[in-house]
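Here the structure comes first, spelled out in structure tokens, and everything after it is commentary.
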Amino acid sequence: MREAARVAPQRGGHPDRAYAPYRSTALRAPSQPLVVASPSQVERLAPVFGDKDVAPVDADLTTHSTGEPLGERIVVTGRVLDGDGRPVRGQLVEIWQANAAGRYRHDGDRHPAPLDPHFVGGGRCLTDDDGRYRFVTIKPGAYPWRNHHNAWRPAHIHFSLFGTAFTQRLVTQMYFPGDQLFGLDPIFSAVTDEKAQQRMIARYDHDTTVAEWALGYQWDIVLDGPGATPPDPDEM
């Protein structure tokens, strides 16, 4: 597999809705002009949640079963910020991911890797007054996908942030530093601006690391402005 195709950087680092090396965008990218809907109408039909729907235990993906999940335990934390660097408080942050063997607990995942009976792979939390979120989870494994011959996804965690309204939702992916699969992955490479690519990669943080228990990673999410975190091209 050659390195993913290089194309001209998009302003702000946002991926094209249709990015040829990422084959499924051809099926998802709009081919007709978008229909403008009334914001009030959209909000009436959008899902809602309350603070009581999110419990502290939801942020620890290693405690959702009667046993310990397999793999490398990690802590992922950071701040959710607006374009001016101000914390976004009370933000619903949801994550989902593959297990340590690179398999999702989903009927559509037929990758012949073991399912972990003690790992569901989903969690959520609310940001605190400083805009901070924190998850305890297992580092996901790389996995094959059928975009092209011998295609493998780098280890990543999916993030969803709802903003102050459903129409502001951001879906993105967080990657781990030093992954050798970055240059071979059309989803990562769909973000053609190298500075924007770096905003998708977490950094190892020794102060976040918990002695004899879990490695720590820091990853801030910026919702708008020139330093915004790029969205997943599937979700634009």
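Atoms considered below: every heavy atom in the structure, side chains included; atoms not considered: hydrogens, waters and symmetry mates.
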Atom pair [atom1] ([X]) and [atom2] ([Y]), whose distance is rounded to the nearest 0.5 Å:
{"X": "Q91", "Y": "Y133", "atom1": "CD", "atom2": "OH", "answer": "12.0 Å"}
{"X": "E94", "Y": "L126", "atom1": "CD", "atom2": "CG", "answer": "10.0 Å"}
{"X": "I95", "Y": "Q173", "atom1": "CD1", "atom2": "CD", "answer": "13.0 Å"}
{"X": "L81", "Y": "T229", "atom1": "CG", "atom2": "OG1", "answer": "8.5 Å"}
{"X": "I74", "Y": "L61", "atom1": "CD1", "atom2": "CG", "answer": "9.5 Å"}
{"X": "L115", "Y": "R105", "atom1": "CG", "atom2": "CZ", "answer": "5.5 Å"}

From CA spacing to verdict: side chain to side chain donor-acceptor pair (under 3.5 Å), T127, R132: CA-CA 5 Å; T127 56; R132 182 165 294 279; over 6 Å; no
Taking the side chain from [X] and the backbone from [Y], do they hold a donor-acceptor pair closer than 3.5 Å?
{"X": "W96", "Y": "S160", "answer": "no"}
{"X": "R103", "Y": "A100", "answer": "no"}
{"X": "T209", "Y": "G216", "answer": "yes"}
{"X": "D116", "Y": "L70", "answer": "yes"}
{"X": "Q197", "Y": "V191", "answer": "yes"}

* To do: Kindly determine whether F176 and F182 satisfy side chain to side chain contact (heavy atoms under 4.5 Å, CB included), including the steps that lead there.
  => CA-CA 10 Å; F176 293 86; F182 286 154; 6.0 Å; no
TODO: Is it possible for you to say whether L215 and I157 belong to one hydrophobic cluster, with membership spreading through side-chain heavy-atom contacts below 4.5 Å?
DONE: yes
- prompt: Does V222 belong to the same Ile/Leu/Val/Met/Phe/Trp/Tyr cluster as I201, with side-chain heavy atoms less than 4.5 Å apart forming each link?
  reply: no
Beyond-backbone contact of D82 with D224, side-chain heavy atoms, under 4.5 angstrom:
yes
Side-chain heavy atoms of M174 within contact of V76, under 4.5 Å = yes
Shortest non-hydrogen separation from [X] to [Y] and the atoms involved:
{"X": "P230", "Y": "T172", "answer": "O-OG1, 2.6 Å"}
{"X": "V75", "Y": "A214", "answer": "CG2-CB, 4.0 Å"}
{"X": "R199", "Y": "A228", "answer": "NE-O, 2.9 Å"}
{"X": "G102", "Y": "D109", "answer": "O-OD2, 4.4 Å"}
{"X": "P21", "Y": "N147", "answer": "O-ND2, 2.8 Å"}

Kindly state whether the ring of Y175 and the ring of Y217 have centres lying under 6.0 angstrom apart.
no
Note to self: Applying side chain to side chain contact (heavy atoms under 4.5 Å, CB included) to W152 and D185, what does each step give before you reach the verdict?
What the structure shows: CA-CA 7 Å; W152 288 78; D185 180 46; over 6 Å; no
Stepwise, does the side chain to side chain contact (heavy atoms under 4.5 Å, CB included) test hold for F159 with V171? CA-CA 6 Å; F159 274 72; V171 178; over 6 Å; no
Residues 134-141, side-chain donor-acceptor partners within the protein, below 3.5 Å, at least two apart:
unit_1	atom_1	unit_2	atom_2	d
T137	OG1	Q97	OE1	2.7

Task: Pair D84-R86, salt bridge (Lys or Arg N to Asp or Glu O under 4.0 Å): steps then yes or no - done: CA-CA 6 Å; D84 294 319; R86 296 173 297 197; 3.3 Å; yes
* Asked: Parallel, tilted or perpendicular: which fits the ring planes of H148 and W145, with parallel below 30° and perpendicular above 60°?
  -> perpendicular
Residue pairs passing the ring-ring contact (aromatic ring centres under 6.0 Å, His included) test with at least one member in residues 104-127, sequence neighbours excluded, are Y104-Y143
ask   = Salt bridge or not for R124 and D58, using N-O below 4.0 Å?
value = yes
Practice prompt. In sequence, state the C-alpha distance, the side-chain angles, and the governing distance for V93 and F162, and then conclude on side chain to side chain contact (heavy atoms under 4.5 Å, CB included).
Written response: CA-CA 7 Å; V93 183; F162 274 93; over 6 Å; no
